[in-house]
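Okay, so here's the structure we're looking at.
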Amino acid sequence: MSGEQGKKVISAIKGTKDILPSEVRLWQIAEATAREIFELYGYRELRAPVIEPTELFERGTGASSDIVTKEMYTFTDKGGRSITLRPEYTPSVVRAIIEHRLDLQPQPLRFYYIGPMFRYDRPQKGRYRQFHQIDIEVFGEKDPAIDAEILEMAHRLLSSLGVTGVFTLVNSVGCKKCRPAYGQKLREAALAVKEQLCPDCQRKSELNPLRIFDCKVESCRALAAGFPRITDFLCEECREHFKKFREYLDLYGISYRVEPTLVRGLDYYTKTAFEIVTEEAGAQNAICGGGRYDDMVREFGGPDLCGIGFAMGVERLLSVARIKVPERSFVYFAYLGEEAKKESLKLARNLRSEGIECLVEFKERKMKDHFSRANKLGAEWVLIVGEDELRKGKFQLKDMTKARQFEGSLIELASIIKGKKILETG
RNA sequence: GUGAGUGUAGCUCAAGGGUUAGAGCACCGGACUGUGGAUCCGGUGGUUGGGGGUUCGAAUCCCCUCACUCACCCCA
């Protein structure tokens, strides 16, 4: 042992972090709320692996997308396969549908999932290399009512978690019938002013002119303002879909803004695209993004099954959520002596069977120290087990929040604890 | 991948070339005789992110590097 090795502290990988117990309650509540709401709309959880064949994302997410070209965690496994830690969830669901012939089940199919995604990006506020998404997908429903319904569901989740100050942006990016014609017009417009665009946009004007709308350079924005708008080029079907979609949004009372320049970064979107943004989250202000992808399943060699979905970033969501964490309620055992310690262990065992959280610490303490300790740990109850109590078979129970004290048998005290719990949680 | 800012105890911060780097909070122990939050006393804890340089002397000045933070890019 050189001694030098022991000094080196190992820390979490850049862009990843531990979620410690003090914070994890927020995650649990957010996740439980999401599950509850999604199930309410008929969604069921579908859990896919964290690792997938690299090809899944190259074909699904899009070979020209930034995610695939520079942000994937890709490695070769011992069998020589190219494996990728999923950067998003949609392709995995599509794969699962085709693999298990889920399209033969009654449609539409509604799935949800909550879990980690991985992108090799430079971390900043609201952006991490391992981050978490709440994801929902619907397959086999063409009706624009579903487009509005998933947005309504997203808003229900947000308001349940106390998120305020959000705004919804919607757009239609057309379909394979009308988008190429528009793309051509846009490219022409972009190339006409190419010299005046920033270097990045010059590149985009060839590759994917839609993305020029995302540019934040002022001169590019000014030029892009004069470019043709997708909404003026939609085919009959897309225009009708977009119109109905907005009608249903109005029906749900969801306020939104049509943003003809809204471009989802993934290549597969068709028709509806949307984003929910917040004012108070820094530069990464999109907490939810999604859209329709009617061609993806077929392009993977599956049935002709349309799809739509959204993803919410859990870290971003929690950064703007106002979640009330209920106080934990537990019984601290203040015992005196070995005999009382043993009795406490038995009592705790029985109370736990009643669903009551108990903490028996094994260190001998004086009564005052027990209370001091109970207070520090935030115990709601202190159960006193001393000589008198052992003799009588009745125990003292102190309510630490109200400074009341009861005497009774274990059963009597258990019902006091449970009675208060019911009173407080309703 | 590019740019800027910041790195001193678990946390928040002092010390800005000159003894052995300090404080508050937290943690541990003690005083307080079977009833908590207070108070008082004491203690643990740092190669000042790491490496190199300048200097008689570096937490302090210079260079490199790493990490964190924010922004660009992209996106949840």
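Below, read A as the first sequence line, B as the second, and so on, with proteins coming before strands; counting in each chain starts at 1.
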Considering only the [atom1] atoms, how many Å lie between [N] and [M], rounded to the nearest integer?
N	M	atom1	answer
B:rU65	B:rC41	C1'	46 Å
B:rU19	B:rU60	P	14 Å
B:rC11	B:rA26	P	15 Å
B:rU6	B:rC64	P	16 Å
B:rA9	B:rA21	P	14 Å
B:rA67	B:rA31	C1'	44 Å
B:rA58	B:rG37	C1'	45 Å
B:rG57	B:rU12	C1'	31 Å

- Query: For B:rG16, is chi within 90° of 0 (syn) or not (anti)?
  - Reply: syn
So, [X] and [Y], do they make that salt bridge, N to O below 4.0 Å?
X	Y	result
A:D121	A:R127	yes
A:R47	A:E45	yes
A:E354	A:K418	yes
A:R391	A:D388	yes
A:E52	A:R95	yes
A:R156	A:E152	yes
A:K341	A:E364	no

For [N], which nucleotide is its Watson-Crick or G-U wobble mate, given both distances must be under 3.5 Å?
N	value
B:rC40	B:rG30
B:rG22	B:rC13
B:rA76	none
B:rA58	none
B:rG46	none
B:rG5	B:rC68

Roughly how many Å is it from [atom1] in [X] to [atom2] in [N], rounded to a whole number?
X	N	atom1	atom2	answer
A:L157	B:rA76	CG	C1'	13 Å
A:M72	B:rC74	CE	C1'	15 Å
A:W27	B:rA76	CH2	C1'	11 Å
A:R127	B:rG1	CZ	C1'	11 Å
A:E88	B:rC74	CD	C1'	13 Å
A:L317	B:rA76	CG	C1'	10 Å
A:L262	B:rC75	CG	C1'	12 Å
A:K70	B:rC75	NZ	P	9 Å

- Message: Is there, by distance only and without an angle test, a donor paired with an acceptor across the side chain of A:Q124 and the base of B:rC73 below 3.5 Å?
- Response: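 Such a pair exists between side chain and base.
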- Would you say the side chain of A:R316 and the base of B:rC75 hold a donor-acceptor pair, judged only by whether the two atoms sit under 3.5 Å apart? yes
Give one of base, sugar-phosphate or nothing for [X], where a contact means two heavy atoms less than 4.0 Å apart.
X	value
A:Y128	base
A:A286	sugar-phosphate
A:D66	sugar-phosphate

- Task: Establish, yes or no, whether a centroid distance under 6.0 Å links the rings of A:Y268 and A:Y293.
- Result: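 A:Y268 vs A:Y293: aromatic centres under 6.0 Å.
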- Task: Establish, yes or no, whether a centroid distance under 6.0 Å links the rings of A:Y335 and A:H370.
- Result: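 Under 6.0 Å, so yes.
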- List the protein contact pattern of nucleotides 3-11 of chain B with one symbol per nucleotide (5' to 3'): B for base contact, S for sugar-phosphate-only contact, - for none; contact means a heavy-atom distance under 4.0 Å. B--------
- Query: Base, backbone or nothing for each nucleotide of nucleotides 31-37 of chain B, written B, S, -, heavy atoms under 4.0 angstrom, 5' to 3'?
  - Reply: SB-BBBB
- Message: Let me spell it out: for each of A:K14 and A:G282, pick the nucleotide of RNA chain B with the closest heavy atom. Which residue's pick is nearer the 5' end?
- Response: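 In this pair, the answer is A:K14.
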- 5' precedence on RNA chain B between A:G15 and A:R119 (nearest-nucleotide basis):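 In this pair, the answer is A:G15.
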- Are A:T261 and A:R229 linked by a side-chain donor-acceptor pair shorter than 3.5 Å? no
- Kindly indicate, with the supporting measurements, whether the criterion side-chain contact (heavy atoms from CB on, under 4.5 Å) is fulfilled by A:R44 and A:R110. CA-CA 6 Å; A:R44 298 295 177 254; A:R110 298 171 203 254; over 6 Å; no
- Item | Within 45° cone of A:F406 ring axis and under 6.0 Å: A:K398 NZ or CZ |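 No, cation not above the ring by the 6.0 Å, 45° rule.
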